[in-house]
Amino acid sequence: MNSCLVLAAQAGGRQVITIEGIRDPLGGPNDLQQAFIDYGAVQCGYCIPGMVLAGEALLAARPQPTRTEIRQAIAGNLCRCTGYQQIVDAIQATACLRSERQEKSSHV
């Protein structure tokens with residue numbers, strides 16, 4: 001949910017995850033945040049928290065989303081700097097990386 005659409009009282013009893021809540025266990029950027037950096041999807045920074053959280057929510061629901069599904073998932077966030085291509089690339093690359101990691105761990 002976009003925070004601007006939900007009153008704090010409506011979140012009572014629910015888990016709320018912010019951009020700070022998805023960092024790497026060592027405190028740095030997680031894999032999706034790092035992909036945003038690597039793919040040049042970080043420019044002014046205004047939309048990035050919402051884009052990253054939308055990406056995380058999508059990847060939790062659909063570990064291997066299509067590019068169309070990624071575009072639909074981030075549609076509620078406006079970006080005036082990157083043109084969305086780099087954002088879609090970063091989310092798709094993270095999906096592939098996570099899939100590879102999961103495949104490797106299941107073979108161990």
Side-chain angles (χ1 to χ4, degrees):
M1 297 297 306
N2 294 335
S3 62
C4 62
L5 299 176
V6 178
L7 296 173
Q10 292 175 295
R14 294 189 172 95
Q15 181 181 21
V16 176
I17 300 172
T18 66
I19 193 69
E20 291 84 6
I22 62 166
R23 67 179 164 256
D24 179 82
L26 299 177
N30 78 353
D31 56 352
L32 180 57
Q33 292 167 313
Q34 188 61 52
F36 268 65
I37 295 165
D38 295 344
Y39 282 83
V42 176
Q43 291 190 19
C44 79
Y46 185 77
C47 71
I48 300 309
M51 291 289 190
V52 170
L53 290 170
E56 284 291 354
L58 172 64
L59 294 176
R62 297 251 327 136
Q64 287 295 310
T66 65
R67 292 182 74 79
T68 299
E69 290 170 328
I70 294 170
R71 288 186 181 281
Q72 290 170 344
I74 63 172
N77 296 292
L78 297 177
C79 175
R80 299 192 186 274
C81 298
T82 68
Y84 299 94
Q85 185 66 35
Q86 298 95 319
I87 294 168
V88 173
D89 291 345
I91 295 170
Q92 186 174 46
T94 302
C96 291
L97 179 65
R98 289 180 183 181
S99 177
E100 289 171 9
R101 280 190 207 142
Q102 185 176 8
E103 195 173 299
K104 284 181 185 178
S105 68
S106 67
H107 291 299
V108 174

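Remember, it's a predicted structure, so these values are computed and weren't measured experimentally.
Remark: of the listed residues Asp89, Thr82, Ile48, Ile48 is the sole one forming a side chain to side chain contact (heavy atoms under 4.5 Å, CB included) with Phe36.
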Full working for side-chain contact (heavy atoms from CB on, under 4.5 Å) between Ile87 and Asn77
CA-CA 11 Å; Ile87 294 168; Asn77 296 292; over 6 Å; no

Are Arg67 and Gln92 close enough, and set up right, to give a side-chain hydrogen bond (donor to acceptor under 3.5 Å, both in side chains), and what steps lead you there?
CA-CA 7 Å; Arg67 292 182 74 79; Gln92 186 174 46; 2.5 Å; yes

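For Asp24, there are no side-chain hydrogen bond (donor to acceptor under 3.5 Å, both in side chains) partners at least two apart in sequence or on another chain. Every residue meeting the salt bridge (charged side-chain N to carboxylate O under 4.0 Å, His left out) condition with Arg101, not counting sequence neighbours, appears here in chain and number order: Asp31. Glu56 pairs by the side-chain hydrogen bond (donor to acceptor under 3.5 Å, both in side chains) definition with Asn30, Arg98, not counting sequence neighbours.
With rounding to the nearest 0.5 Å, the separation of CG in Asp38 from CD in Gln86 is 13.0 Å. The distance from the CD atom of Gln85 to the CZ atom of Arg71 is 5.5 Å, given to the nearest 0.5 Å.
With hydrophobic clusters built from ILVMFWY side chains whose heavy atoms lie under 4.5 angstrom apart, Val16 does not share a cluster with Leu5. Val88 and Tyr46 are members of different hydrophobic clusters when ILVMFWY side chains are connected at heavy-atom separations under 4.5 Å.
Across all their heavy atoms, Ile74 and Ala54 have their closest contact at CG2-CB, 4.2 Å. Tyr84 and Leu78 make their closest contact through OH-CA, 3.4 Å (heavy atoms, listed as atom of the first residue, atom of the second, distance). Scanning all heavy atoms of the two residues, the minimum distance from Pro63 to Ala95 falls at O-CB, 3.3 Å. Minimum interatomic distance between Val42 and Ile37 (heavy atoms only, all atoms of both residues): CG2-N, 4.0 Å. Scanning all heavy atoms of the two residues, the minimum distance from Val6 to Ala11 falls at CG1-N, 4.5 Å. Considering every non-hydrogen atom in both Leu53 and Ile19, the closest pair reads CD1-N, 3.8 Å.
At distances below 3.5 Å, at least one donor-acceptor pair connects side-chain atoms of Thr94 with backbone N or O atoms of Ala90.
Counting non-hydrogen atoms of other residues, nucleotides and ligands closer than 6.0 Å to CD of Gln64 gives a total above 12.
Here the side chains of Val52 and Ile22 are in contact, with some heavy-atom distance below 4.5 Å.
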